[in-house]
J.: 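The structure is given below, and queries will be raised subsequently.
Chain letters run A, B, ... following the sequence lines, proteins first and then strands; every chain starts at 1.
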Amino acid sequence: MSELKVYNSLSRQKEVFTSLTPGHVGMYVCGPTVSGESHLGHARPYITFDVIFRYLQYLGYKVRYVRNITDAGHFEEEGREAVDKIATKAVLEKLEPMELVQKYTNLFHWAMAQFNTLPPSIEPTATGHIVEQIEMIKKILEAGYAYESNGSVYFDVKKYAAGHDYGKLSGRVIEDLLETTRELEGQQEKRDTADFALWKNAAPEHIMRWQSPWGVGYPGWHIECSAMATKYLGAQFDIHGGGMDLLFPHHESEIAQSTICNHSAPVRYWIHNNMITINGRKMGKSYNNVIKLTELFSGDHPILEKAYHPMTVRFFILQTHYRSTLDFSNEALQASEKGLRRLWDAYENLQKLSREGAPEAGDAELDKKINDLLDEFSTFMNDDFSTAKVLANMFEMVPVINSMKDKLIPVTALSAASIEKLKAGFHTWLEDIFGLRSVSEADNSKLQGVMQLLVDIRKEAKSRKDFVTSDKIRNQLALLGITLKDEKGGEMSWSLAGGE
RNA sequence: GGUUCUGUGGCCGAGUGGCUAGGCAGAGCUCUGCAAAAGCUCCUACACCGGUUCGAAUCCGGUCGGAACCUCCA
C-alpha cells in the first residue's frame with residue numbers, strides 16, 4: 001500500500017506522513033468560538049478533520065484528537081474597543097456569560113452529531129485553562145520575548161523575528177508587518193504594531209475577567225491553543241488543523257509563542273482546509289451572508305430553496321478536495337442530494353446481494369476492474385485525502401452493483417472474494433471512514449410493519465390487475481412523502497422522500 | 001498596495017504532459033399495466049495571448065477575471 005502523504009502548509013508541498021511516536025498521532029484542530037450559532041462555514045473543517053481522524057484510525061494509529069472550545073472572549077477588533085465579544089452579547093441577551101457559552105456549545109455539539117462527526121478525544125475549554133495560559137505567558141516573559149504594558153502583556157514580534165522565521169507559515173514578510181501604519185486605538189500599549197496580545201487588561205465593565213500577575217484581565221487570542229495543545233499533546237505534536245483563514249495571524253502566532261516557550265517548533269504538519277463560499281464570497285459575519293446550521297437543516301433562510309439533510313452537506317463537502325474552495329448553491333446541494341441517494345441505494349442493494357455457486361469470477365475482466373477500483377481507494381486517500389476521487393470510483397461501480405441486483409449481470413461475474421471485498425469496501429469507506437449514514441428515517445419498526453402490509457396489499461392488487469387499488473396505494477403514499485417503487489421480479493421497495 | 005491561491009463542458013467539481021474522472025441537469029433507447037427507479041447510449045470542456053515540447057487543461061512568461069489573508073473569522 002502507498003504511503004500517506006499530506007500537504008503541509010509549512011512547506012507548501014505534500015510530505016510523507018510519519019508520526020512522532022510510532023503508532024500514535026497527536027492532532028489539534030481549532031474549535032469554535034461559542035459566542036454565537038455555528039454556520040455552514042463551520043461544517044467544513046470539522047467534517048474534514050473528522051474524516052482525517054477516522055482515516056488515521058483506519059490506518060491503525062491511536063489518535064488523540066484535541067479540539068478546543070473557545071469560550072473566553074476575544075477582541076472584536078484588537079485594541080479598538082477592547083470589548084469582549086461574549087461579554088457584549090451577554091448584556092444584549094441578558095444572559096450570564098457562561099449561560100450563553102453553554103447554550104452555543106450545546107448547539108454546536110448537536111450540529112456535530114447531526115453531521116455524524118466523532119467527538120474529539122479531548123475538548124478543552126479556554127476558560128478551563130486560564131492557569132495554563134498564565135503560566136505560558138510567564139515563561140515567555142521570563143525568556144524576554146514579551147513585555148508588560150498597562151496591565152497587558154504583548155509578544156515582542158520584532159525580537160522574535162530577529163532569531164526566528166516569523167511569517168514562515170503564512171508567507172508574511174516581517175518588514176512589511178512592522179511597517180503597517182494602520183491607526184488603531186490602544187495601539188500605544190504596543191511597541192510595534194505587529195505585536196500581539198498575550199494578556200489583556202479588562203475594563204471595569206468587562207464581565208469575563210481573571211486575576212493574573214499583571215492585574216485583572218483575560219487571555220489574548222492565540223495563547224489558548226498553544227497552552228492547551230502543549231498540555232495535551234506535548235511540546236511537539238503531529239498535526240495541527242484549521243481553516244485557511246487562521247493561517248495568519250493565529251497559527252503564525254501560535255508557532256512563535258510555543259517556540260519560545262517550549263524551545264521547539266510545535267507542529268510537524270499544518271493542515272488547512274479552504275473556505276466555503278456563497279456566491280463566490282466567503283461566508284462570515286462581516287459579509288452578512290451567514291447560513292446557520294439550524295437554518296440549513298430546516299430550510300428557513302432566504303437563500304435556501306429547501307432544507308438540506310446533514311448527510312447531504314457532509315457528502316457535498318467530501319465531493320471536493322479539502323484545499324479547494326467550495327461554492328455553495330442550491331443547485332449544487334441538490335445535485336449532491338441526488339448523488340448521495342443514488343450511491344446509498346446502490347450500497348444497500350450491494351449489501352443484500354447473495355452469491356452462491358463456484359467461487360471463481362465469471363467475468364475476469366470485470367472482476368479485475370472492480371478490484372482495481374477498490375484498491376485505488378487507499379491510493380487516493382493517501383494522496384492528501386482525495387475523498388472526491390474515492391467517491392468517483394464508487395460511482396463507477398454503481399452501475400455494476402445495480403445490474404447485479406437487477407440480474408442484468410450475474411452475481412457470479414465477480415468472484416466470491418471480490419463480492420465480499422466490495423461489500424466490505426463500501427461499508428468501511430462509506431460508513432467508517434467517510435462517516436456517512438442513511439438519510440432515511442425509515443427505521444421505525446411500526447412504520448416498517450405498516451409498509452409491509454401496504455406492499456402486500458398492493459402486490460395482491462397488482463396480481464389481480466386491480467390497478468385502481470394498486471395506484472391508490474402508491475399515489476396516497478406519495479402524497480405522504482413515501483416513494484414506492486416496483487422492482488424487477490415483482491418485488492417492491494419504498495423510501496421516505498427527501499430524508500427530511 | 002503586499003502575500004498566497006485560483007479561472008475546467010448548462011451547473012458542481014477531479015485532474016500526475018500523451019490514454020473519456022465523477023456527480024447533477026438534458027436527449028434517445030430498453031425494461032414496465034402505468035409511474036418511479038435502474039440499465040445502455042449521446043452531450044468531450046479546459047479564461048486569453050505567447051513560449052518550451054514530437055505532444056500541454058497540465059510546465060514557463062504575460063494579459064484579464066475571481067478569491068483568501070494582511071482586522072474578529074472555519
J.: Between protein and nucleotides 42-45 of chain B, what N or O pairs are separated by less than 3.5 Å?
T.:
none

J.: Which whole-number value in Å describes the distance from L343(A) CG to rC12(B) P?
T.: 22 Å

J.: Which pairs pass side-chain hydrogen bond (donor to acceptor under 3.5 Å, both in side chains) with one or both residues in residues 403-413 of chain A, sequence neighbours excluded?
T.: K405(A)-E487(A)

J.: Can you check the distance between rU44(B) and rC69(B), where both ends of the measurement are the P atom (answer in whole Å)?
T.: 38 Å

J.: With rounding to the closest Å, how many angstrom separate the C1' atoms on rA74(B) and rU32(B)?
T.: 49 Å

J.: Report yes if a donor N or O on one partner sits less than 3.5 Å from an acceptor N or O on the other, where the partners are the side chain of R474(A) and the base of rC34(B); otherwise report no.
T.: yes

J.: Of the candidate nucleotides rG2(B), rA68(B), rA14(B), which contains the atom at the shortest distance from the side chain of S324(A)?
T.: rA14(B)

J.: Measure from the side-chain heavy atoms of L326(A) and tell me the nearest of rA38(B), rG13(B), rA68(B).
T.: rG13(B)

J.: Are F297(A) and Y308(A), when compared by the centres of their aromatic rings, separated by less than 6.0 Å?
T.: no

J.: Can you check whether H251(A) and H272(A) have ring centres sitting under 6.0 Å from each other?
T.: yes

J.: Between R54(A) and D50(A), does any NZ, NE, NH1 or NH2 come within less than 4.0 Å of an OD or OE carboxylate oxygen?
T.: yes

J.: Assign M244(A) to base, sugar-phosphate, or nothing according to its heavy-atom contacts below 4.0 angstrom with the strands shown.
T.: nothing

J.: Distance only, no hydrogens: is a donor on one side chain within 3.5 Å (strictly under) of an acceptor on the other, for E252(A) and S170(A)?
T.: yes

J.: Ion pair present between E491(A) and K485(A), side-chain N to carboxylate O less than 4.0 angstrom?
T.: no

J.: Just compare rG2(B), rA37(B), rA74(B) and give me whichever is closest to any side-chain atom of K485(A).
T.: rA37(B)

J.: Between H39(A) and H42(A), what is the ring plane arrangement, given parallel below 30°, perpendicular above 60°, and tilted in between?
T.: tilted

J.: For D327(A) and rG10(B), give me the distance from atom CG to atom P, rounded to whole Å.
T.: 17 Å

J.: Can you check the distance between rC34(B) and rC40(B), where both ends of the measurement are the C1' atom (answer in whole Å)?
T.: 22 Å

J.: Can you give one letter per nucleotide of nucleotides 20-32 of chain B, going 5' to 3': B for a protein heavy atom under 4.0 Å from the base, S for sugar-phosphate only, - for none?
T.: -BSSSS-----S-

J.: So if I take every side-chain heavy atom of I276(A) and compare against rA14(B), rA74(B), rA36(B), which nucleotide ends up nearest?
T.: rA74(B)

J.: Can a salt bridge be assigned to the pair D345(A) and R342(A) using a cut-off of 4.0 Å between side-chain N and carboxylate O?
T.: no

J.: Assign each of G171(A) and L408(A) to its nearest nucleotide of RNA chain B by heavy atoms, then name whichever residue's nucleotide is nearer the 5' end.
T.: G171(A)

J.: For a quick check of understanding: with a heavy-atom distance under 4.0 Å over all strands, which category does M283(A) fall into, base, sugar-phosphate or nothing?
T.: base

J.: Restricting to salt bridge (charged side-chain N to carboxylate O under 4.0 Å, His left out), what partner residues turn up for K389(A), sequence neighbours left out?
T.: none

J.: Taking the six-membered ring for Trp and the full ring for Phe, Tyr or His, determine whether the centres of Y46(A) and F108(A) are under 6.0 Å apart.
T.: yes

J.: Quote, to the nearest angstrom, the P distance that separates rA57(B) from rA47(B).
T.: 9 Å

J.: Hey, does the side chain of N402(A) come within less than 4.0 Å of rG39(B)'s phosphate (OP1/OP2), counting only N and O?
T.: yes

J.: Mind checking the C1' distance from rC60(B) to rU53(B)? Whole angstroms is fine.
T.: 12 Å

J.: Could you tell me how far apart I317(A) (CD1) and rC12(B) (P) are, to the nearest whole angstrom?
T.: 17 Å

J.: Which value, in whole Å, describes the distance between the C1' atoms of nucleotides rG39(B) and rC31(B)?
T.: 8 Å

J.: Do H222(A) side-chain atoms and I255(A) backbone N/O form a donor-acceptor pair below 3.5 Å?
T.: no

J.: Using a heavy-atom cut-off of under 4.0 Å over every strand shown, decide if G242(A) touches base, sugar-phosphate, or nothing.
T.: sugar-phosphate

J.: Report the residue (A332(A) or V398(A)) whose heavy-atom-nearest nucleotide on RNA chain B is the more 5′ of the two.
T.: A332(A)

J.: Among rA74(B), rC70(B), rG33(B), find the nucleotide with the atom closest to the side chain of F467(A).
T.: rG33(B)

J.: Enumerate donor-acceptor pairs with a distance under 3.5 Å from any side-chain N or O in residues 111-125 of chain A to protein atoms, sequence neighbours excluded.
T.:
residue, atom, partner, partner atom, Å
N116(A), OD1, R437(A), NH1, 3.0
N116(A), ND2, G435(A), O, 2.9
T117(A), OG1, M112(A), O, 3.0
S121(A), OG, Y65(A), N, 2.7
S121(A), OG, Y65(A), O, 3.4
E123(A), OE1, H109(A), NE2, 2.6
E123(A), OE2, R67(A), NH2, 3.2
E123(A), OE2, H109(A), NE2, 3.2
T125(A), OG1, G128(A), N, 3.2

J.: Heavy atoms under 4.0 Å, any strand shown: does D471(A) hit a base, just sugar-phosphate, or nothing?
T.: base

J.: Calculate the interatomic distance between I47(A) atom CD1 and rA74(B) atom P; express it in whole Å.
T.: 15 Å

J.: Over 60° means perpendicular and under 30° means parallel, so tell me whether F434(A) and W429(A) are parallel, tilted or perpendicular.
T.: perpendicular

J.: Which of the following nucleotides, rA38(B), rA74(B), rC69(B), is nearest to the side chain of T33(A)?
T.: rA74(B)

J.: Reckon H321(A) touches a base, only the sugar-phosphate, or nothing at all at heavy-atom distances under 4.0 Å?
T.: sugar-phosphate

J.: Measuring only the C1' atom in each nucleotide, how far is rC19(B) from rG23(B)? A whole number of Å is fine.
T.: 22 Å

J.: Return the value, rounded to whole Å, for the distance between atom CG of L484(A) and atom C1' of rA36(B).
T.: 10 Å

J.: Could you go through the salt bridge (charged side-chain N to carboxylate O under 4.0 Å, His left out) check for D372(A) and K368(A) one step at a time?
T.: CA-CA 6 Å; D372(A) 288 348; K368(A) 182 178 186 308; 2.7 Å; yes

J.: Could you write out RNA chain B as a dot-bracket string, with dots for unpaired bases, | for bases paired across to another strand, and Watson-Crick or G-U pairs counted at under 3.5 Å?
T.: (((((((..(((.....[...))).(((((.......)))))....(((((..]....))))))))))))....

J.: Which whole-number value in Å describes the distance from N274(A) CG to rU4(B) P?
T.: 16 Å

J.: On a whole-Å scale, what distance lies between the P atoms belonging to rA21(B) and rG9(B)?
T.: 13 Å

J.: Which whole-number value in Å describes the distance from M394(A) CE to rG13(B) P?
T.: 21 Å

J.: Expressed in angstrom and rounded to an integer, what is the separation of D466(A) atom CG from rG33(B) atom P?
T.: 15 Å

